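Just below is one structure, and these are the notes that go with it.
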Amino acid sequence: QYGYDDEIDLMQMFQILLKSWKLIAAIFLITVVVVGSVTFFFVPKKYRSHTLFALEAEGSFAKTFGQVSMVRDVIHSNTFLKGILEKTEMEVNQGAIDGLRKALSVSATEAKNIRLQIIWDDPQKAYEILSLVKNRYQAQVAQRINVYTTNRLRVAEANFNRIKAEFELINKELADFQKRN
């Protein structure tokens, strides 16, 4: 027998807590004040801003440029982010580009819309950056679609002119054949 008492007297513990409630309350309040002060003065504040959009394009364009992976690849590219930083007159270096890349996230909603989100320390700057990102992405897609359709139109016009020339040649030969016969 070692003399250990395995039983806990809850009434005795309650009486001890009741006697030292002032000390417990003081420690609790001091802890709340210290943690609150550290949080308020030393932890940087971050604000989240997000936008939803759906890419309105026909056919393969909507499938290609409306996919989250394509949006993410374009938006997270160095040239795209560098342009955003220049437009917002922020410092442009690889560290700033990487920081902006980490702050931006791209995801899809259940309705298949694109969700752009940024977490930034200034709410006004977050809104400005997010608006620029969305508008610049849509402008780039519109430009790519315009280039693609213009190129297809040029190819179609060239094919039409070639076929027209062949048709006129065939028509001329047919007229010559009819004159001889």
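This one's a predicted model, so the numbers in the text were calculated from it and none came from an experiment.
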Notebook entry, point to check: Would Val133 and Met70 show up in the same hydrophobic cluster when neighbours are defined by side-chain heavy atoms closer than 4.5 Å?
Noted result: yes
Can you list, pair by pair, the side-chain donor-acceptor contacts under 3.5 Å of residues 22-31, counting residues two or more places apart and other chains?
unit_1: Thr31; atom_1: OG1; unit_2: Ile27; atom_2: O; d: 2.7

The reported gap from CZ in Arg154 to CG in Asn159 (rounded to nearest 0.5 angstrom) is 14.5 Å
Rounded to the nearest 0.5 Å, the NZ atom of Lys102 sits from the CD1 atom of Ile97 at a distance of 13.0 Å
Decide if atom CD of Gln94 counts as having more than 12 heavy atoms of other residues, nucleotides or ligands within a radius under 6.0 Å. yes
Find out whether Leu104 and Ile119 are in side-chain contact, i.e. whether some heavy atom of one side chain is under 4.5 Å from a heavy atom of the other. no
Contacts of Gln140 meeting side chain to side chain donor-acceptor pair (under 3.5 Å) (sequence neighbours excluded), chain-then-number -> none
Here the gap from Ile84 atom CD1 to Tyr137 atom OH, rounded to the nearest 0.5 Å, amounts to 13.0 Å
Side-chain touch Leu116/Ile75, heavy atoms, less than 4.5 angstrom = yes
According to a 4.5 Å side-chain heavy-atom criterion applied to Ile, Leu, Val, Met, Phe, Trp and Tyr, with indirect links allowed, do Ile129 and Leu85 form part of one hydrophobic cluster? yes
| said: Tell me whether Arg72 contacts the main-chain N or O of Val106 through its side chain, where contact means a donor paired with an acceptor under 3.5 Å. | reply: yes
Salt bridge (charged side-chain N to carboxylate O under 4.0 Å, His left out) filter on Glu168, not counting sequence neighbours, yields none
Quiz item: Take atom CD in Glu86; do more than 12 heavy atoms of anything else shown fall under 6.0 Å from it?
Solution: yes
One should read off an interatomic distance between Met90 CE and Lys82 NZ, to the nearest 0.5 angstrom, of 15.0 Å
So the salt bridge (Lys or Arg N to Asp or Glu O under 4.0 Å) pairs with at least one residue in residues 116-132 (sequence neighbours excluded) are Lys125-Glu128
| With no hydrogens and no angle check, is any side-chain donor or acceptor of Asn113 less than 3.5 Å from a backbone partner on Thr109? | no
Does NZ belonging to Lys87 count more than 12 external heavy atoms closer than 6.0 Å?
no
Query - Trace of the side chain to side chain donor-acceptor pair (under 3.5 Å) decision for Asn93 with Glu91 - result: CA-CA 6 Å; Asn93 58 42; Glu91 182 179 346; 2.5 Å; yes
The reported gap from CE in Met13 to CG in Asp9 (rounded to nearest 0.5 angstrom) is 9.5 Å
- Item | Phe80, CZ atom: more than 12 neighbouring heavy atoms under 6.0 Å | yes
>> For residues Ile118 and Tyr127: do they belong to one hydrophobic cluster (side chain heavy atoms under 4.5 Å, members Ile, Leu, Val, Met, Phe, Trp, Tyr)?
In response: no
Check whether any side-chain heavy atom of Trp120 lies under 4.5 Å from a side-chain heavy atom of Lys46, and answer yes or no. no
Rounded to the nearest 0.5 Å, the OG atom of Ser105 sits from the CD atom of Gln117 at a distance of 4.0 Å
Taken in chain and number order and not counting sequence neighbours, the residues that satisfy salt bridge (charged side-chain N to carboxylate O under 4.0 Å, His left out) with Arg162 are Glu166
Salt bridge (charged side-chain N to carboxylate O under 4.0 Å, His left out) filter on Arg101, not counting sequence neighbours, yields Asp98
